[in-house]
Amino acid sequence: MAESDFYTKDGTVDHKGNPANIKKTGTWKACPFIIGNECCERLAYYGMSSNLVRYFKHRLNQHASVATRNNQNWSGTCYITPLIGAFLADAYLGRYWTIALFSIIYVFGMTLLAMSATVHGIKPRCYTEDNCDPTVTQSAVFFVALYLVALGTGGIKPCVSSYGADQFDDTDETEKKHKSSFFNWFYFSINIGALIASSVLVWVQDNVSWGWGFGIPAIAMAIAVVFFFSGTRLYRNQKPGGSPLTRLCQVVVASFRKCRVAIPADKSLLYETTDAESNIKGSRKVEHTEDLSFFDKAAVETESDEKKGTVNSWRLCTVTQVEELKAVIRLLPIWATGIIFAAVYSQMSNLFVLQGERMNTHVGNSTFKIPPASLSIFDTLSVIFWVPIYDRIIVPVTRKFTGHKNGLTQLQRMGIGLFISIFAMVVAAILELERLREVRRHNYYEVKEMPMTIFWQVPQYFLIGCAEVFTLIGQLEFFYEQAPDAMRSFCSALQLTTIALGNYLSSLLVTIVTAITTRNDKLGWIPDNLNYGHIHYFFLLLAVLSVLNLGAFLLIAKWYTYKKAVGTLR
């Protein structure tokens with residue numbers, strides 16, 4: 001077979017390590033298995049996490065603030081563990097084997113979680129619906145299961161979107177265009193899974209049993225694993241490039257060792273391999289950029305750089321290696337602006353749910369009650385509504401005005417989402433103000449569900465869904481495209497840590513606000529009975545932080561320099 005039949009320009013191989021045949025592997029042929037896997041995995045994840053705050057409160061007998069904090073801490077951990085999976089994928093295992101290994105850990109965690117809500121002895125004893133008395137051992141088993149899930153998801157989250165994008169060739173105009181569309185439909189599949197989870201599974205948890213409510217997600221995760229392995233022969237796999245952290249450290253050390261060395265005016269004199277390919281496995285060469293020029297010193301050749309005829313990597317680095325570090329440094333300010341957005345996003349599974357608990361959960365005049373956590377279905381429906389509109393209408397229309405192949409740049413897309421998220425918090429605060437006025441007017445303080453219908457929460461969920469389509473999908477594509485080839489899992493994990501830090505930030509804000517507002521025996525902003533609380537102040541606090549965050553993002557985006565791999569299409 002001719003060399004041109006192989007898709008080797010960016011180091012991709014098949015599942016056996018041989019060069020991948022471009023005619024038989026990758027593109028949309030492989031993507032249904034990856035998208036199907038993600039849909040089932042997200043169904044499993046959201047199926048057990050959407051209503052988790054209520055399990056903490058009503059089954060593990062935790063106060064509202066403690067339940068919220070534990071839920072956010074666990075959610076945050078689920079977005080920190082991807083750093084572990086990403087490092088293993090980029091350095092040693094590759095994305096295929098990382099996803100496979102951590103998926104098995106995930107299934108074990110989900111199975112133990114279902115058992116902790118079903119099996120006598122490890123299931124908390126409950127006397128009434130809201131009166132349970134879990135032992136220390138029962139709580140411990142539940143938390144072990146939860147954090148096994150957090151570890152399992154750490155190998156999937158940073159790899160699966162990048163793995164799907166790996167199926168498209170950057171040097172092919174048609175495939176590169178399809179790659180941008182892939183991220184939209186990948187996120188669409190996430191929300192199909194979330195739709196089923198937030199509607200059917202939350203209802204099962206509230207009206208059938210928590211055993212089935214956690215058992216069905218465990219089955220869904222097993223199906224996700226089957227989906228993934230079914231597409232094995234069609235995948236294009238990128239070779240792991242060795243430890244990215246080592247390469248980054250080498251550039252830093254070499255730069256400081258040569259801090260007094262002058263950088264040549266002719267940048268073509270900087271050190272780079274003479275081969276067509278980079279010396280980093282799985283990576284193409286990257287064009288030199290002018291900013292962050294201090295690190296260019298690492299690529300300046302001197303007499304002491306060679307040791308016994310070989311280049312000392314701690315004294316001399318290639319331009320591509322230097323550009324890897326530059327790319328990561330450029331990403332960090334953009335990454336930081338995602339934290340406030342993630343704190344806003346996290347309210348859907350926390351304060352929005354507790355707010356909904358105090359509203360009328362009946363559907364019309366029927367006896368059917370909608371679980372408060374199921375309102376997140378409107379966030380999901382919003383995403384499902386906006387993704388096709390963005391992909392099929394907004395992109396073609398804006399392309400005519402901007403001339404950009406994707407209509408909007410990734411940074412423009414993210415900025416629009418940050419702007420919309422501000423209104424989500426304002427709308428949530430206005431609703432809570434109106435709810436509390438009704439409470440005061442009719443003395444509903446001790447009423448479990450006031451007459452105001454829970455469907456008044458729909459606008460705030462819908463706005464967050466709209467913001468997701470712009471910001472989170474924009475981040476997925478941005479962090480993949482701007483990452484060095486051999487660090488794409490790592491940079492995808494970096495993007496996911498904003499969700500973690502957003503959860504931790506929200507948890508920290510809850511802790512600080514509770515500590516300050518409960519002084520002198522006051523109930524504070526977030527008491528167990530929200531009819532006596534002021535969570536609208538918390539929503540407004542997040543709105544103010546979001547405005548400041550948007551201003552910082554606009555300044556950072558204005559000065560951002562995009563990376564350019566040698567031989568790729570702009």
Side-chain angles (χ1 to χ4, degrees), residues 8-12 87 90-91 162 166 169-171 176 238-335 478-492 494 559-570:
T8 56
K9 294 176 183 176
D10 60 357
T12 53
F87 177 79
D90 283 340
S162 297
D166 285 347
D169 182 1
D170 273 345
T171 62
K176 187 173 175 64
Q238 200 167 44
K239 293 180 180 178
S243 173
L245 298 180
T246 301
R247 294 198 302 275
L248 297 182
C249 289
Q250 286 172 340
V251 175
V252 173
V253 170
S255 299
F256 278 97
R257 278 180 167 177
K258 297 178 179 178
C259 60
R260 300 181 188 279
V261 174
I263 300 170
D266 183 0
K267 299 305 185 292
S268 65
L269 298 176
L270 295 174
Y271 176 67
E272 184 57 277
T273 58
T274 55
D275 298 332
E277 298 295 323
S278 163
N279 64 344
I280 302 168
K281 281 197 297 183
S283 179
R284 296 160 295 179
K285 288 183 178 179
V286 180
E287 290 182 0
H288 175 266
T289 55
E290 295 295 333
D291 59 341
L292 300 170
S293 59
F294 172 79
F295 296 108
D296 289 340
K297 294 176 183 290
V300 177
E301 296 187 67
T302 63
E303 292 181 0
S304 60
D305 291 335
E306 291 192 12
K307 186 178 181 181
K308 295 181 180 180
T310 60
V311 173
N312 182 352
S313 298
W314 292 93
R315 294 196 62 90
L316 181 64
C317 305
T318 64
V319 169
T320 295
Q321 195 174 339
V322 171
E323 290 301 321
E324 276 193 330
L325 177 62
K326 288 184 181 182
V328 172
I329 293 173
R330 288 190 207 105
L331 285 173
L332 291 178
I334 299 293
W335 165 83
F478 179 77
F479 278 80
Y480 179 87
E481 289 289 344
Q482 296 306 306
D485 289 348
M487 293 182 66
R488 279 174 164 163
S489 294
F490 175 80
C491 290
S492 292
L494 193 64
W559 300 107
Y560 185 82
T561 302
Y562 286 88
K563 78 151 195 180
K564 177 69 167 68
V566 174
T568 57
L569 300 164
R570 290 188 184 273

Response to the item:
Sorted by chain and number, sequence neighbours left out, side-chain contact (heavy atoms from CB on, under 4.5 Å) with A483 holds for R488, C491
Item to complete: Tell me, please, which residues at least two apart from Y560 pass side-chain contact (heavy atoms from CB on, under 4.5 Å).
Response: R330, L331, I334, L411, F478, Q482, Y562
Item to complete: Taking K258 for its side chain and R315 for its backbone only, find out whether a donor-acceptor pair lies under 3.5 Å.
Response: yes
Worksheet item: Roughly how far apart are R257 CZ and T302 OG1, rounded to 0.5 Å?
Response: 10.5 Å
Discussion item. Can you list everything that forms a side chain to side chain donor-acceptor pair (under 3.5 Å) with W314? Sequence neighbours excluded, please.
Written reply: none
Worksheet item: Could you give the distance from CG (L316) to OH (Y271), rounded to the nearest 0.5 Å?
Response: 6.0 Å
Worksheet item: In terms of heavy-atom contacts, does CZ of F256 have more than 12 from other residues, nucleotides or ligands at under 6.0 Å?
Response: no
Practice prompt. Pick out which of E272, H288, K285, R247 makes a side-chain hydrogen bond (donor to acceptor under 3.5 Å, both in side chains) with T320.
Written response: E272
Worksheet, complete the sentence: On a heavy-atom basis, the closest approach of V251 and A298 is O-CB, 3.7 Å
Response to the item:
For V322 and F295, the nearest pair of non-hydrogen atoms, with its separation, is CG1-O, 3.5 Å
Worksheet item: Strictly by modelled atom types, are S162 and S492 linked by a side-chain donor-acceptor pair under 3.5 Å?
Response: yes
Practice prompt. Give the minimum heavy-atom separation between D266 and S268, together with the two atoms involved.
Written response: OD1-OG, 2.6 Å
Practice prompt. Look only at the side chain of T318 and the backbone of Q321, and say whether a donor-acceptor pair between them is shorter than 3.5 Å.
Written response: yes
Discussion item. Let me confirm one number: the CD-OG distance from Q238 to S489, rounded to the nearest 0.5 Å.
Written reply: 8.5 Å
Worksheet item: Given L494 and L332, is the side-chain contact (heavy atoms from CB on, under 4.5 Å) satisfied, shown in steps?
Response: CA-CA 9 Å; L494 193 64; L332 291 178; 4.1 Å; yes
Worksheet item: Got a second to check how far M487's CE is from L245's CG, nearest 0.5 Å?
Response: 7.0 Å
Worksheet entry | Distance in Å, C317 SG paired with Q250 CD, rounded so as to fall on 0.5 Å steps | 5.5 Å
Worksheet item: Between V300 and A262, which heavy-atom pair has the shortest distance, and what is it?
Response: CG1-O, 4.0 Å
Worksheet item: Is there a donor-acceptor pair under 3.5 Å between the side chain of K326 and the backbone N or O of T289?
Response: yes
